[in-house]
Amino acid sequence: MDTIRQNRKADHINIALTSPFTLSSDFDELSFIHRSLPEVGMDDIQLQTNIGPLTLDYPIFINAMTGGSEKSGVINASLAEAASETGIAMAVGSQHAAIREEELAHTFKVVRKKNPNGLVFANIGADAPLDYALKAIEMLEADALQVHLNVPQELVMPEGERTFTSLLAKLEKLSAKLHVPVIVKETGFGMSTETLMQLQNAGIQYVDLGGKGGTNFIHIENERRSKRDFEYLKDWGQSTVVSLLEAQSELDELTIIASGGIRNPLDAVKSFSLGASAAGIAGPFLKILHDQGVAGLIMELEVWKEHLRMLLLLQGAKSIPNLKQCPIIAGGKVREWCEARGIDWQRLARRKP
Ligand code: FNR
């Protein structure tokens, strides 16, 4: 059994659970305009959303975290129970360990067992060959495959990868050959217009921006290093808000998913307003599961569903696509980023609902 990998999984969970969450967030630089007369009732609100052929009953999902060790199998079972109970989609963590060692597969398969009818996303790294992708999907009877990009994490990880030369070609092949949507996903470092164009040119249609602002894998991997000499790099990358703004020119071509530092339903609704079709939450849901158990997580997910409805109502939006017409104002550092990069923040501020 690969004990280095197993210990790494446990470290990721323990450090993620004890890391202080970032206090300032680019989501706080975004404001909606209050509408006193929304002319909508709660019963009019529709939370369904689509990722290509998939229909999600709710626009939030539990993002990729774990699997591959006995303890993480128990966490996956609990997350899947909460997902099944609430009708929310769920991704698992990287399946590489279980593809290499069949005896670990049950720590992922439990997710499908607990949630036979729900939407489940498989997860592998972008360096994985096609047969790994097929095995990952088959292991879960998955509805989609997330392929994660995590170059900064690998570099800070002492035992991490050092060569990243043919990832784009591999992504192109995966997306052409697989029968389920391939979601290319960052892991807390965000994306730029240039990256999105590279993905689009490679035939990718679904992208999870995975921005900075929440779980920070430079911090997590740095904590695992004996010298802890990478703390200075922990602010690397684009926030989820900045990544969404970078994605504005690509929204007609790509289905965008927001994740990374989404703390509450308002952050999610701001992401939908900037064009995201769904929002993934990882660390915060793990913490609730850890502190309050499955019942606590189910309660929290129900609160999110209810609050999302209320927030759409506040904006007079009956559906997630309707939110894309609501004006949203970017201020502070976020506006400065837009100015520097030629992103038209005034168009967003002056949209007509
Ligand atoms: C992760 N994340 C992750 N992502 C991925 O694609 N494959 C993986 O195996 C993991 N593993 C993992 C473990 C743990 C403990 C956490 C907390 C997270 C990253 C995750 O899906 C997400 O991109 C980031 O955590 C940012 O979102 P949050 O946590 O800020 O909501």
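Here the structure is a predicted model, which is why all the values come from computation and not from measurement. All ligand and atom numbering here is 1-based and tracks the order in the structure.
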Which ligand 1 atoms are under 4.0 Å away from a heavy-atom of G260? 26 (C), 27 (O), 30 (O)

Where on A91 is there a heavy atom closer than 4.0 Å to ligand 1, on the side chain, on the backbone, on both, or on neither? neither

Please report the C-alpha distance between S273 and R351 in whole Å, then the side-chain angles of each, then the deciding distance to 0.1 Å, and finally whether the side-chain hydrogen bond (donor to acceptor under 3.5 Å, both in side chains) criterion is met. CA-CA 11 Å; S273 172; R351 295 188 298 202; 3.0 Å; yes

Closer than 4.0 angstrom: is that true for some heavy atom of F217 and an atom of ligand 1? yes

Verify the ring-centre separation between F285 and W304: is it less than 6.0 angstrom? yes

Quick check on contacts: which atoms of ligand 1 are under 4.0 angstrom from a heavy atom of G283? 28 (P), 29 (O), 31 (O)

Do Q146 and ligand 1 have an N or O pair less than 3.5 Å apart? no

L155: which other cluster members, linking ILVMFWY side chains closer than 4.5 Å, directly or transitively? V151, F164, L167

Tell me whether I281 reaches ligand 1 (any heavy atom closer than 4.0 angstrom to a ligand atom). yes

Note: ligand 1 atoms sitting under 4.0 Å from heavy atoms of G93 are 8 (C), 9 (O)

Could you say whether the N/O atoms of S94 and ligand 1 ever approach to under 3.5 Å? yes

Regarding ligand 1, does I262 bring an N or O atom to under 3.5 Å of one of the ligand's N or O atoms? no

Using a 6.0 Å cut-off, check whether atom CG of D43 has over 12 heavy atoms from anything other than its own residue. no

Between the side chains of E221 and R224, is the shortest nitrogen-to-carboxylate-oxygen separation below 4.0 Å, so that they form an ion pair? yes

Using a strict 4.0 Å cut-off to heavy atoms of G261, name the atoms of ligand 1 that fall inside it. 28 (P), 30 (O)

Mind checking whether K185 has an N or O less than 3.5 Å away from an N or O of ligand 1? yes

Looking only at non-hydrogen atoms, which of G68, A64, A97 approaches atom 19 (C) of ligand 1 most closely? A64

Any chance CD of E85 has more than 12 other-residue heavy atoms, nucleotides or ligands included, within less than 6.0 Å? no

For ligand 1, is there an N or O atom under 3.5 Å from any N or O atom of M65? yes

Got an N/O contact under 3.5 Å between A282 and ligand 1? yes

Is the F217 to F189 ring centre distance short of 6.0 Å? no

Where ligand 1 meets G214 - atom numbers and elements under 4.0 angstrom, heavy-atom basis: 30 (O)

Is it possible for you to say whether W337 and I329 belong to one hydrophobic cluster, with membership spreading through side-chain heavy-atom contacts below 4.5 Å? no

Taking the ring centre of each residue, are H219 and F230 less than 6.0 Å apart? no

Examine N123 against ligand 1 and note whether any of their N/O atoms are separated by less than 3.5 Å. yes

Salt bridge check: are R263 and D28 linked by an N-O gap of less than 4.0 Å? yes

